[in-house]
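Reading through the structure tokens given below for one structure.
Hydrogens, waters and symmetry mates are skipped; everything else that's a heavy atom, side chains included, is used. Bear in mind the structure is a predicted one, so any value in this text is a computation, not a measurement. Note that the numbering runs from 1 along the sequence shown for the chain.
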Amino acid sequence: MTTTPKLSFSRLLVGAASLAIIIATMTLAAAYIGPVLLALFLAILFMPILHWLQKKGLPTGLALLAMITGVIVLGLGLTWFLSASFEQLADSLSTYQTQFQARVVNAQATLASQGLDPSGIKRGAADIEAIVQSFIDYLSRLGNFVATALFIVVTIIFALIEAPKLRATLQQSLGQDHLLVVRSAEFSQSVVRYFGLRTLVNLITGGLVTVMLWVLGIDFALLWGVLTFFLSYVPYLGITLATIPAVLLAWAQYGLGRAVLVIIGVMIINGVAENLVAPKLIGKGLKVSPLVVFLSFMLWSWILGPLGMFLSMPLTVIVMFLLGSFDGTRWVANLMAGSAKLPIATD
């Protein structure tokens, strides 16, 4: 019988020091580690597609070529769309800023007519303008990852080729009965299933948000819908971050009333998607504590930059799986899951 090692202060201290060293190292090498982690995660998601193509009779080489070609075409299309949209947004930013300042002046006049101090509105508007500009600059830097696309594709190809050998290597190194070996297949299936269904939910959310913004006459509705689709991979926080630019743009274009309508519409769409659609499609899925979701989002964004924002959930789930596969660290995985069960759910 395997016994769980006792937790001592010295063991906890060594673990914390090791974690600090790992985080510091990843931060220094983020420009290289980020694309590698993205490529490995995509390889996990693409593995079922490769197996499906092989079952259809395609040789491994042709199956890889067909899959990578599709990914490249989709990637180039998405890159072109984002680049064109951000370029148009940057060209129109001065106009929106003028409109926004006019709304601030009107709000100040309204407060002054009621005998209230309008100085707070002016200071708040200045802060909002700075936040919006920083947010746009932050999103614009995502285009820099286009330069690493070839590296990511090559890494995915090698990962897909080496994947079948990984399980055999783990069995030889750790033994067939080791929990990491036993649960590796279960982990891959659970991750693929969860993020596949999560993609479907995000597609519904992003599509409905796009239609709503288009009906309300908000500029760049498709851009904000695409942003909603990607940021919705980050539970709780993603939809909020995706909504901020659309709300501010609605305020600049039409005033406070239209901005409130955008907020209410997004809340309704997100509530239906997360509370009605997602539970039926995903079920229990991969459980992560809401506190861990927030902290992991901040941590991975700090370590890997903009790419960490999108990879925060996959990386957190992988860390939980690894921690839950060893007796000495399973308690940490249970804390991250917010329950006494292992973080990978089974159907």
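Considering only heavy atoms from C-beta on, L62 stays 4.5 Å or farther from Q54 through its side chain. Under the 4.5 Å side-chain criterion, counting only non-hydrogen atoms from C-beta, V201 is not in contact with L197. Contact annotation: the side chain of L216 never approaches that of Y254 to less than 4.5 Å [non-hydrogen atoms, C-beta and beyond]. Contact check for W300 versus L311: no side-chain heavy atoms found under the 4.5 Å cut-off. Residues L231 and I239 are not in side-chain contact: their nearest non-hydrogen atoms beyond the backbone lie 4.5 Å or more apart. Under the 4.5 Å side-chain criterion, counting only non-hydrogen atoms from C-beta, I218 is not in contact with M212. The shortest side-chain heavy-atom distance between V260 and W251 does not fall under the 4.5 Å cut-off. Contact annotation: the side chain of L249 approaches that of F220 to within less than 4.5 Å [non-hydrogen atoms, C-beta and beyond].
Considering every non-hydrogen atom in both S232 and T205, the closest pair reads OG-CG2, 4.3 Å. Residue T199 comes nearest to F229 through the heavy atom pair O-CE1, 3.6 Å, listed as atom of the first residue, atom of the second, then distance. In plain terms, the two heavy atoms of S312 and S296 that are nearest each other are CB-O, 4.0 Å. Minimum interatomic distance between I33 and T25 (heavy atoms only, all atoms of both residues): CD1-O, 4.4 Å.
Here I21 contributes atom CD1 and M26 contributes atom CE; the two are 14.0 Å apart, rounded to the nearest 0.5 Å. With rounding to the nearest 0.5 angstrom, the CG atom of L295 is 9.0 Å from the CE atom of M298. For the atom pair CH2 of W224 and CD1 of I244, the computed distance is 11.0 Å after rounding to the nearest 0.5 Å. To the nearest 0.5 angstrom, F41 atom CZ is 9.5 Å from F46 atom CZ. Here the OG1-CG distance, from T210 to L223, works out to 9.0 Å after rounding to the nearest 0.5 Å. L213 contributes atom CG, which lies 11.0 Å from atom CZ of R258 (distance to the nearest 0.5 angstrom).
In the hydrophobic clustering of this structure, I204 does not group with V215; members are Ile, Leu, Val, Met, Phe, Trp, Tyr whose side-chain heavy atoms approach within less than 4.5 Å, directly or through other members. Taken together through direct or relayed side-chain contacts under 4.5 Å among Ile, Leu, Val, Met, Phe, Trp and Tyr, L222 and I269 form part of one hydrophobic cluster. Criterion: ILVMFWY side-chain heavy atoms under 4.5 Å apart, direct or through other members. Under it, V211 and V226 are not part of a common hydrophobic cluster. Residues I22 and W302 are members of one and the same hydrophobic cluster, defined by side-chain heavy-atom contacts under 4.5 angstrom among Ile, Leu, Val, Met, Phe, Trp and Tyr. Both V209 and M267 belong to a common hydrophobic cluster when Ile, Leu, Val, Met, Phe, Trp and Tyr are linked at side-chain heavy-atom distances under 4.5 angstrom.
Other residues, nucleotides and ligands contribute only 12 or fewer heavy atoms inside 6.0 Å of the OH atom of Y32.
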